[in-house]
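Single-structure report; data block below.
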Protein chains: 2
Amino acid sequence: MSKSGRPREFKDTAVIDAAMELFWENGYEACSTEDLCKQTGLGRGSLYNAYGSKHELYQQALLRYHETGIQAQIEILNQQGPIKDRLRALLDWAIQEDFSNENRRGCLLINAAMERAQRDPAVERLFKRHVDLLEQALQQAIETGQLSGEISRTHQASDLAHLFLSNYYGLRVLNAAAQNRERAVQMAKATLEVLF
Amino acid sequence: MSKSGRPREFKDTAVIDAAMELFWENGYEACSTEDLCKQTGLGRGSLYNAYGSKHELYQQALLRYHETGIQAQIEILNQQGPIKDRLRALLDWAIQEDFSNENRRGCLLINAAMERAQRDPAVERLFKRHVDLLEQALQQAIETGQLSGEISRTHQASDLAHLFLSNYYGLRVLNAAAQNRERAVQMAKATLEVLF
DNA sequence: AAAAAATTGTAATGATTAGTACAAAATTAG
DNA sequence: CTAATTTTGTACTAATCATTACAATTTTTT
């Protein structure tokens, strides 16, 4: 039994995806609600009726980005095959993602944290959770690699995970701010050669 | 022979420093001109008479930050003593800087690039120059270390410089966005232990 | 002493913005 | 069919903001 009243003329997922794209390209403050209406195809009435506020829509877009992103990254780390190949695949995925669209810049969640973590506790919480989850997955993958002998036990897995993580975020921030894909590729190569 | 007319009641450097502090704490968009007047002590008339626009003041503040920052970093890399100690000192300096004031978050120039490089060619240019200068100084220091035997020649100096650089920016971005000083210290330690 | 030059504080301006009000439209329930 | 319910588009509101206008003030120049 569906709800009474006039039915919505849009798909929730499509609206959130469209909003996500716009927030990705412009950040939170630089997106006006009018821009959001244009991009999503909704009128103001529909947008506010459905989401209540620009901020609420932003949070939903960020949450979706986080969920699909962390899932993709963890899947890559849990693939079959040599651990080093998986770590390489993760770096390649990040570069692909960060340069996937010339209007986007880098990773939406990093951009959001840089713009808003200071002022927006929900953004801060989400970013920290994302980083923690990625760090855990990295450490686990590296530990597995050490047990199987694929990765040297010279260094603690937690140190290697820390190191990979800061490398990974440095890479992605430079992708967003300096937009130098060639350097990104060199950095990824150097990371793998030196660390493992 | 000084200029005629009523003399200014402020020191240019003090105003730029005050503005820099505010931009550091809040970013560009989130600083209103009224905030800037309060923080610098100038009235609107004086501020616009002296600097022309908020944007012009921002650029001057960023330029000063860049100049003092790149100088400090290069000085650390050119210190006396073992190269590894200098690299450690650079990481320690960054952590110190990023947590120097609880209202500041991370590095002003990185924050600026993340907020504005997309829209503001001057910011993009300045950030790229800063990164390039730091990368050059790193590579040179590492090459010197390899010649003196302090650093293994297993890897190319350019690879090690790339790696250190992405580590460094990852560290600083996480300092800004996640504000976890303990992890920053661990990351710095891991960087030195694994890379050199 | 008067004119010229520069700075200062205040009040106003025009643009932009997130959010609201509300009536028209489209659907379901009875 | 009628009432109830929900969505939709449009016009409006109230706040914020960067910038400008301008008169009063303080200095130098002649």
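By convention in this document, chain letters (A, B, ...) are assigned in the order of the sequence lines, proteins followed by strands, and residues within each chain are numbered from 1. Computed from heavy atoms alone, side chains included, the values below leave out hydrogens, waters and symmetry copies.
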Output a table of nitrogen or oxygen pairs between the protein and nucleotides 9-15 of chain C separated by less than 3.5 Å.
from, atom 1, to, atom 2, distance (Å)
C/dG9, OP2, B/Gly43, N, 3.3

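- Within the structure, the side-chain hydrogen bond (donor to acceptor under 3.5 Å, both in side chains) test picks out the following pairs touching residues 11-20 of chain B (sequence neighbours left out): B/Asp12-B/Tyr51, B/Asp17-B/Arg64.
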Contacts table for residues 172-181 of chain B: side-chain donor-acceptor under 3.5 angstrom, sequence neighbours left out:
from, atom 1, to, atom 2, distance (Å)
B/Arg172, NE, B/Asp98, OD1, 3.1
B/Arg172, NE, B/Asp98, OD2, 3.2
B/Arg172, NH1, B/Tyr168, OH, 3.4
B/Arg172, NH2, B/Asp98, OD1, 2.7
B/Asn175, ND2, B/Asp98, OD2, 2.9
B/Asn175, ND2, B/Leu171, O, 3.4
B/Asn180, OD1, B/Glu182, N, 3.3
B/Asn180, OD1, B/Arg183, N, 3.0

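- Across residues 48-63 of chain A, A/Tyr48, A/Ser53, A/Lys54 each have a non-hydrogen atom less than 4.0 Å from an atom of DNA chain C (numbered order).
- Residue pairs that meet the ring-ring contact (aromatic ring centres under 6.0 Å, His included) test with at least one member in residues 176-196 of chain A, sequence neighbours left out, do not exist here.
- Near-neighbour residues of DNA chain C inside residues 15-37 of chain A, defined by a heavy atom below 4.0 Å, number-ordered: A/Cys31, A/Ser32, A/Thr33.
- Of the residues in residues 111-125 of chain B, not one comes within less than 4.0 Å of DNA chain D through any heavy atom.
- When the P atom of C/dT17 is taken as reference, atom NZ of A/Lys38 falls 10 Å away, rounded to whole Å.
- Counting only residues at least two apart or on different chains, the ring-ring contact (aromatic ring centres under 6.0 Å, His included) pairs with a member in residues 106-147 of chain A are A/His66-A/His130.
- If you check distances only, the side chain of A/Arg6 never reaches the base of D/dT8 with a donor-acceptor pair under 3.5 Å.
- Computed from coordinates, the A/Arg8 CZ to C/dA25 C1' distance equals 16 Å when rounded to whole Å.
- For B/Glu75, there are no salt bridge (Lys or Arg N to Asp or Glu O under 4.0 Å) partners two or more places apart in sequence or in a different chain.
- Considering only residues two or more places apart in sequence or on other chains, A/Ala157 meets the side chain to side chain contact (heavy atoms under 4.5 Å, CB included) condition with A/Gln139, A/Ile142, A/Glu143, A/Gln146.
- Partners of A/Tyr58 under the ring-ring contact (aromatic ring centres under 6.0 Å, His included) rule, at least two apart in sequence or in another chain, are A/Phe23, A/Tyr28.
- With hydrogens and angles disregarded, a donor-acceptor distance shorter than 3.5 Å links the side chain of A/Asp35 to the backbone of A/Ser32.
- When the P atom of C/dT8 is taken as reference, atom CG of B/Leu47 falls 10 Å away, rounded to whole Å.
- Residues meeting the salt bridge (Lys or Arg N to Asp or Glu O under 4.0 Å) test with A/Lys128, sequence neighbours left out: A/Glu124.
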